[in-house]
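To start, the structure itself, in structure tokens.
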2 protein chains.
Amino acid sequence: MTRFNPPAAENVIEVIRQSLDDLRKSERKVAETVLDNPQHILGATLAETAALALVSEPTVIRFCAAIGCEGFQDFKLRLARSLALGTLPTGSQLESEDTTSELIGKIFGYTISSLDWVRNRLDSRQVSQAIQILSNAQSIEFFGLGASGVVAIDAQQKFPLFGVPCGAPTDTHQQIMTAAMMKPGDVAVVISNTGLTLAMIEVAQTARESGAKVIAITGSRSPILAECDAGIIIETLENTNIYTPAISRIAALVVIDILSAAVGLRRDAEHGEKFANMKRLLLGQRRRLQNTKKM
Amino acid sequence: MTRFNPPAAENVIEVIRQSLDDLRKSERKVAETVLDNPQHILGATLAETAALALVSEPTVIRFCAAIGCEGFQDFKLRLARSLALGTLPTGSQLESEDTTSELIGKIFGYTISSLDWVRNRLDSRQVSQAIQILSNAQSIEFFGLGASGVVAIDAQQKFPLFGVPCGAPTDTHQQIMTAAMMKPGDVAVVISNTGLTLAMIEVAQTARESGAKVIAITGSRSPILAECDAGIIIETLENTNIYTPAISRIAALVVIDILSAAVGLRRDAEHGEKFANMKRLLLGQRRRLQNTKKM
DNA sequence: CTGTTTATGTAGTAATGCTACAAAAAATAC
DNA sequence: GTATTTTTTGTAGCATTACTACATAAACAG
């Protein structure tokens, strides 16, 4: 009776992909048909789906049961939910005739669905490894150029909140100097979307030679990983359109959020209380700025 | 026959809310029932929904038609899609026992649904106004501190791609100086999540006195708006949890994407071709960095 | 090759969504 | 205020749809 544990679904599409091997031959035909064009299945009826997969209707139903759904209807609902994110960017080619509302919808939609895509491809083991290293860091330096430089600066603003002193030098000379001055116990986080930028590869090498641990955050399985102790790959869907928002930097910011939250939670017991004060100090800063104003 | 133009749906829940006034009495009962507990309707059948709203089944169907759906099934699918975003953050309180996978899921989920929230509350007229001003700018200066400073730097990296020279001074003294040196035809974009930071208010005033147009990007209907020619309010849901990702900076980046894309599209005819070159130059820059390396 | 298990399809059933029509309510005209 | 039209809502029936019991076919073991 029991074939395998029914995967408690959240993202059906992902579940189907993972269950592919456990399915029977004709059930797999259904699975492939669904994966091939999920959007179309949404509009289709049970009979149509069966015809499309060249199987009988009950097989489709058994397929639904196999992936943990109550029935075909339930399956379609879950599918709709999964597709809500993945579907958003359809027809999101920006056009100069677009109204502002359309532009807002398209760019937000594209950003949201891209983030979903990134999430599904993020390797939690890579992230765990990075957290492990960061948790034990005495100090952290973030390195990046261009858009990745923005991410580095952002990270440098977040981590101190959890009791880790850190920096983010912005120009290549400062970066190499800082990397050269690092010492065992320190951690260097090198951010490079392409992973090809030579200046960044060099920073990674230098930091490592100085005895620091090196973590890379990059957009693909790129050369820079060879110079690092841990690497987080943020896979974004390439989009050649000029006006397309650069999703990689936003995805990287979210990863920074994850890392800082994880490190923060680990240090919670020790530094948790300090945070409330920090926030009050920041508030005070805003007041004090008024007095030091006119240069 | 024709009652009102059927709203081409995207987010059904939003459509329902907007259509409330145009609906008939008993259709509105259905609408309210759905809005009251959309999650429950997803699992319900047509008959159940009708019973819950104390109306007949055809009324429910007419309701579906009125909000632009093909029928009850179609309505449920669209509802599922809308809810996919809105439901994500449930139970996303971060806990120190969370596994890395859970952490990733929660933070991405929170970010995604927050962006959806922001999108639904963004006033396209405010954005249009900002686009209008930016399109005519001779040069643009972005101002921000802390997390907003990161956004300013990001913006300063994007806009030049579309033919607008710009800057983003980072410390308060540079900011005031730059603001004081601006001239008619220039545009200052002042980014402040709180909208209370005095240094930023001052920058806005100074820039305006210099004859520049001033645009504010802020988190609420805040005092800084009084000093500006246009304002974009990015409403984010406050979350007091320490480790919660700062959604406002990410939302602001998306807004920057929208603004830059819009301005870019407007200048398309003139500057569109230049972009391809720009990208090639950037690639070359990566190579050249190797030679200038060792300080 | 035979018996057993597993996988798939056929045929029928219950229920679901939908439509034609009628009743009721509201609006308008006189 | 009544009559007539228009609009709104409900009733009853129909066509489809999803699903289930059973039978057949395929795979496998001995």
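Order of the sequence lines sets the chain letters (A, B, ...), proteins ahead of strands, with each chain counted from 1.
The existence of a salt bridge linking B:Arg28 and B:Asp21 is excluded, since no basic side-chain nitrogen approaches an acidic carboxylate oxygen closer than 4.0 Å.
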- Just by protein heavy atoms under 4.0 Å, how would nucleotides 15-22 of chain C read 5' to 3' in B, S and -? -SBBB---
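For the side-chain hydrogen bond (donor to acceptor under 3.5 Å, both in side chains) test, no residue two or more places apart in sequence or in another chain qualifies with A:Ser135. With sequence neighbours left out, the side-chain hydrogen bond (donor to acceptor under 3.5 Å, both in side chains) criterion links A:Ser148 to no other residue. Evaluation of the side-chain hydrogen bond (donor to acceptor under 3.5 Å, both in side chains) rule for A:Ser220 yields no partner, not counting sequence neighbours. Under the side-chain hydrogen bond (donor to acceptor under 3.5 Å, both in side chains) criterion, A:Asn37 pairs with no residue, sequence neighbours left out.
The side chain of B:Ser26 places no N or O atom within less than 4.0 Å of a non-bridging phosphate oxygen (OP1 or OP2) of D:dT8. The shortest distance between the side-chain N/O atoms of B:Ser56 and the OP1/OP2 oxygens of D:dT11 is not below 4.0 Å.
Rounded to whole Å, the distance from CZ on A:Phe63 to P on D:dC19 is 13 Å. Summarising the geometry, the separation between CD on B:Glu27 and C1' on D:dT7 is reported as 12 Å, rounded to the nearest angstrom. Here C:dA27 presents its C1' atom at 15 Å from CZ of B:Arg24, a figure rounded to the nearest Å.
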Residues 43-58 of chain B side chain polar contacts: donor-acceptor under 3.5 Å, at least two apart:
from    : atom 1 : to      : atom 2 : distance (Å)
B:Glu48 : OE1    : B:Thr45 : N      : 2.8
B:Thr49 : OG1    : B:Thr45 : O      : 2.8
B:Ser56 : OG     : B:Thr59 : OG1    : 3.0

